[in-house]
*Asks:* 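First the structure, which I've put down as structure tokens, then a few questions once you've had a look.
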Amino acid sequence: MKAHARVVVIGGGIVGCSVLYHLTKLGCTDVVLCERKELTAGSSWHAAGQIHALNGDPAVARLQGYTIALYREIQEISGQDVGLHMTGGLLVAETRDRWDFLRADCARQQMLGAATELISPAQIRDLCPIIDTARVLGAIYDPREAHLDPYGATHAYAKAARLKGAEIYRHTRVIEIVPSGKGTWRVVTEQGTIECEHVVNAAGLWAREVGHMVGVELPLVPMEHHYLITEDLPELKQMNREVPGILDLDGEIYLRQEGKGMLLGVYEKEATPWAVNGTPWEHGETELLAPQLDRLTDTLEKGFQRFPSLGNAGIRRIVNGPFTFTPDGNPLVGPVPGLRHYWAACGVMAGFSQGGGVGLTLAQWILHGEPEGDVYAMDVGRFGPYATRTYTVEKAREFYSRRFQIAYPNEYWPAGRPSKTSAAHGALKAANAVFGVSYGLEYPCYFALPGEPAAEMPTLRRSNAFQAVREECHAARRGVGILDISSFSKYEVSGPRAATALDRLLAGRLPTVGRIRLTPMLAHSGRLMGDLTTMRLSEDRFHIGGSGYLQTWHMRWFSEHLAQEGVQIRNMTDQYGGLALIGPRSRELLERIARVKVPDCILPFMSVVPMDLAFASAIVGRLSVTGELGYEIYVPTLHLSALLDAVLEASSGLGARHIGMYALNSMRLEKSFGIWSREFSRDYTPRMSGLDRFVAYDKPDFIGRDAALQDRASVPDKRLVTLTVESPEADAAGYEPIWLNGKMVGFVTSGGYGHCAGISLAMGYLQSAIPDVETGLSVSILGEQRTCQVLIQPPIDPTGARMRG
Ligand SMILES: Cc1cc2nc3c(=O)[nH]c(=O)nc-3n(C[C@H](O)[C@H](O)[C@H](O)COP(=O)(O)OP(=O)(O)OC[C@H]3O[C@@H](n4cnc5c(N)ncnc54)[C@H](O)[C@@H]3O)c2cc1C
């Protein structure tokens, strides 16, 4: 065993072996893998071996596509057969909503370059003669779906990595991980100690335990999962090809052919966590859990209705095995916040579909400093301290039991809620607020109209919130909208070296004292890393704001790139609550509660002042993401409730009302203002996104400067635009393709109804070569082609007079 290695990967399941392979593929050969028992000794050996390319999140779908394409490569390099059966796959719909969802999804997958197509019940029967399509409306067919041999696939990665120089130590359990004091880790195993630069936790079922070794609680939990394998079916015996893999979403089962029988897997409603308090080390490589068939009866009955011959077939084998789930079902990948060079590659629920992409992403991150594209959806830094053990178990159960349910874009699932509430929550609830949740915190989406239930119906079309949001938008554009913005993140950076350090971190110019600037932040590659708002409270004190759900992600980046003597960085999000006053009469409202005049000479656009408001020391910034005259007010959390009372009391006669985030979204679309994770992400550069106007290219030094200069000098292949869409009942939700004469020329990043403009709007990226005046553009909404047109200027207040007014 080596005493030193650059990287030690812990865990020889499909994920650890893929990480090992990708590290060698990218040129790092000083890598070793420690496996407690034999390779595949966790979840990997008993997987059903089904591989899917389709996923609701585009970044994860991209990585799944990569994973599938990789199997031939590792088979060739290693000489190890992976048992690949490229059968193609079907996603079957029975209900109208599901069919709409699949039609939308098919278009989205095509946007990602997949050759998916929609097929009819007759075509489904041709491909799969054992299905009863009496109630089926159609399916997505994806030729890339397949199944393979889990043992072969894991060993193929391992052999390919070994051939490139990696070493694998079997029967070598890691028992301790300790910092050496020299910036390296000492990985203590049963067979000896290895000192290394980087540790990768790919310990699957034991990832929590390997997290505890360095004091972190990773949000994942194993869940029990069953599949059955039938005896041979006469229909299949007669066929000289295999039936495709099938996800019968409304039937709540998945199937694939196994020999001349079928393998049938079930995500039952009664989801059962396993080993909640820790996975026993002695859980073995051939050990399964006792089958609990009574839990599956209802789902199986449904399945047998769709596949009648299965109901008559004998059962050859039943598998009940555990595998890990995170609160949102996506993997945990990347640098674990708070630790240097300790990496996660765990919580992977579909290791055979996702393992290749996870391995590539992590290897790029370790060796190149960042992954190639936007991988936020699986970043370990997307969760925060709210993701406790009980929260994780609740959410994982919910995710498991809803695995095949439609994920409506306007639905916030109930488990683990409420967990965190703003200090204004009670008052907002009393005003009929309908809440969403972000980073564990409840925030108002909209306020139900009198007599309406305070609940939004999940739908792919415009919802029952429409009229209420419309009234909120009009109130905010005519009088004042009052919005709880406690969910925005708030960081304080201070100290004698704060300005120098921030100037290097941010690509934008720092504001002078009392001023506010939009300050993009770039990764070293020049890709966007943040769209922050920086307020300068004094020479050496800054208040920085951003999207609330990015807190862990931002803080990880800040501590990697800002931490130094003379700079303090504090996440103040939970310590400060906030209200936004939005609209032409917001100044009057502010003056009433401040009991002083705040004319433009005192508080001009994009400036910030400290003020006493409702007995609290407040920070008041003059800005609004809606394009209206507006103010953001931040006070210590314990003062928020009194501030809201004071605001409401002072608001009579000003046309004021509560508004929620849906109104904010509608209004920002009317101004063509992009937001993070939609128009802005690590997939885009300043030039593409239009954020280049906030980049101070003449600054001598900032992170990503060289790449940003190159980006500025080049013509980007795509650019951000706003579109009007002729769509009578549904708006774009994101990632719908944009077409020109049957050719895909772009995609949507976000959409919604512009209530004051009276039109459906979308923002998205369009090929740069397409001129604004192009006619003949269309966007796929719920599978229908809807005419759309590029807007040369925002539909509301194109000159920006209102927000400056
Ligand atoms: C019944 C069932 C069916 C499934 N079907 C599919 C499917 O069809 N398609 C699909 O994509 N996925 C499927 N899965 C999920 C899939 O099995 C997992 O996503 C995958 O195996 C996770 O792999 P992993 O490498 O992350 O973890 P694991 O396979 O659990 O591997 C972790 C490894 O780390 C080792 N280890 C742990 N701690 C230490 C330590 N301290 N020192 C050294 N070594 C350590 C373990 O021994 C183990 O070998 C299924 C799972 C189950 C249970």
Side-chain angles (χ1 to χ4, degrees), residues 8-20 32-53 64 67-68 145-151 153-154 157-158 168-177 187-191 199-213 220 222-229 245 247 254-256 258 263-267 274 279-285 287-289 291 317-326 329 331-333 344-356 358-359:
V8 174
V9 179
I10 304 171
I14 186 73
V15 175
C17 290
S18 166
V19 172
L20 191 74
V32 304
L33 182 148
C34 298
E35 165 52 49
R36 188 181 65 102
K37 293 198 171 182
E38 295 290 349
L39 299 183
T40 75
S43 294
S44 295
W45 72 271
H46 50 61
Q50 184 97 341
I51 43 179
H52 304 291
Q64 291 187 187
T67 302
I68 295 177
E145 307 240 330
H147 66 90
L148 48 57
D149 164 25
Y151 177 93
T154 310
Y157 275 128
I168 293 179
Y169 308 125
R170 287 154 45 242
H171 298 282
T172 304
R173 178 157 78 90
V174 171
I175 43 186
E176 222 185 334
I177 305 169
V187 178
V188 183
T189 80
E190 288 168 334
Q191 313 298 341
V199 174
V200 178
N201 177 350
L205 289 175
W206 295 267
R208 290 171 300 171
E209 285 69 24
V210 173
H212 295 161
M213 291 179 192
L220 58 92
M223 305 287 293
E224 293 190 15
H225 182 64
H226 288 83
Y227 64 77
L228 323 174
I229 298 176
L247 279 184
Y254 67 87
L255 301 94
R256 71 164 175 82
E258 171 75 18
L263 181 153
L264 169 75
V266 179
Y267 281 90
W274 177 76
T279 305
W281 286 114
E282 58 278 9
H283 181 74
E285 71 257 46
E287 212 172 317
L288 287 171
L289 311 177
R317 186 165 173 235
I318 303 173
V319 169
N320 179 15
F323 63 136
T324 57
F325 282 74
T326 61
L332 302 175
V333 182
C346 50
V348 187
M349 177 254 301
F352 294 89
S353 305
Q354 301 174 337
V358 167

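For ligands, and for the atoms within them, numbers begin at 1 and follow the listed sequence. Note that the coordinates shown come from a computational prediction; the quantities given were computed from them, not determined experimentally.
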*Asks:* Could you work out, with side chain to side chain contact (heavy atoms under 4.5 Å, CB included) as the rule, every residue matching I68, not counting sequence neighbours?
*Replies:* I51, A53, M86
*Asks:* Does K37 pair with E35 as a salt bridge, N-O distance under 4.0 Å?
*Replies:* no
*Asks:* Got more than 12 heavy atoms from elsewhere within 6.0 Å of CZ, R170?
*Replies:* no
*Asks:* Considering only heavy atoms, which protein residues lie less than 4.0 Å from any atom of ligand 1?
*Replies:* I10, G11, G12, G13, I14, V15, C34, E35, R36, A41, G42, S43, S44, H46, A47, A48, G49, Q50, T172, R173, V174, A202, A203, G204, L205, W206, V210, H225, Y227, W281, G321, P322, F323, V348, M349, A350, G351, F352, S353
*Asks:* Please name all residues satisfying salt bridge (Lys or Arg N to Asp or Glu O under 4.0 Å) with R36, sequence neighbours left out, ordered by chain then number.
*Replies:* none
*Asks:* Taking only residues two or more places apart in sequence or in another chain, which ones pass salt bridge (Lys or Arg N to Asp or Glu O under 4.0 Å) with E176?
*Replies:* none
*Asks:* For Y267 together with H225, are the ring centres under 6.0 Å from each other?
*Replies:* yes
